[in-house]
Structures are given as structure tokens and as C-alpha cells.
K.L.:
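Got a structure here, written out as C-alpha cells. Questions coming.
Remember, predicted model here, so these are calculated numbers, not experimental data. Index from 1, following the sequence.
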Amino acid sequence: MADERRILVAVEDMMTATTVAATAARAAAEDGATEIILLHVLSAHPTLRSLLHLPDEEPAATPGEGESVLELAERAVRAQCAALG
């Protein structure tokens, strides 16, 4: 367990998922991470909104759209890892 390293990657939408995921894969390789965890963020900045007592926003995506974002990000991570060797 001591030599396991994880990186958590939060993706929000289809437009940025591939760029964020590929960048995270490169960072994970540079850091020697053994696992990449993808997280789909449904609402932008919920912690900040809570701290500022702002009303909650409607989720930016449906669960189905969220699955699509994660699938796209996973393909980008796998492609980047394959390219890195």
C-alpha cells in the first residue's frame, strides 16, 4: 500500500473532458501514480457556493450525460497512457 499513488481527476463537461483527462494522465505518469480516479462534477463549485451562501444550481448534466463524459475522459486517459508507453 505504501507505494500506491492515486490521482483524482474531476471532469465537468464534454468540451473539456479529453483535455483534462489527458493532462491528468501525463501528470499521473510524471508523479508515478498507480491509479487514476475519474470523477464527474455535476455542479460547478458546490463547496464555494455553499461557503458564500449562494443558492444551489441545477445539475449541469443528467446521469446519462455524466456517463458519456466519464467514458470520453476514460478513453482519453487510456489513449494518453498508451502514447506514453
K.L.:
Can a donor-acceptor pair be found, under 3.5 Å and without considering hydrogens, that links the side chain of His40 to the backbone of Glu12?
P.N.:
yes
K.L.:
Can you run down the salt bridge (Lys or Arg N to Asp or Glu O under 4.0 Å) pairs that involve residues 75-85, sequence neighbours left out, and say none if there aren't any?
P.N.:
Glu74-Arg78
K.L.:
Might you work through the side chain to side chain contact (heavy atoms under 4.5 Å, CB included) test for Glu35 and Ile7, ending with a clear yes or no?
P.N.:
CA-CA 6 Å; Glu35 186 175 9; Ile7 185 170; over 6 Å; no
K.L.:
By side-chain contact (heavy atoms from CB on, under 4.5 Å), which residues pair with Ala21, not counting sequence neighbours?
P.N.:
Ala73, Ala76, Val77
K.L.:
Test question: given the 4.5 Å side-chain rule for I, L, V, M, F, W and Y, name all other residues clustered with Met15, or answer none.
P.N.:
none
K.L.:
For Ala25 versus Leu84, what's the shortest heavy-atom pair and its separation?
P.N.:
O-CD1, 4.1 Å
K.L.:
Which distance, rounded to the nearest 0.5 Å, do you find between the CG of Leu70 and the CG of Leu72?
P.N.:
9.5 Å
K.L.:
Does anything in residues 15-28 pair up under salt bridge (Lys or Arg N to Asp or Glu O under 4.0 Å), and if so which pairs, sequence neighbours excluded?
P.N.:
none
K.L.:
Taking only residues two or more places apart in sequence, or in another chain, which ones meet Glu30 in a salt bridge (charged side-chain N to carboxylate O under 4.0 Å, His left out)?
P.N.:
none
K.L.:
My understanding is that only residues two or more places apart in sequence, or in another chain, count here; which of them pass side-chain contact (heavy atoms from CB on, under 4.5 Å) with Thr16?
P.N.:
Asp13, Val20
K.L.:
Remaining members of Leu8's ILVMFWY cluster at a side-chain heavy-atom cut-off under 4.5 Å?
P.N.:
Ile37, Leu39
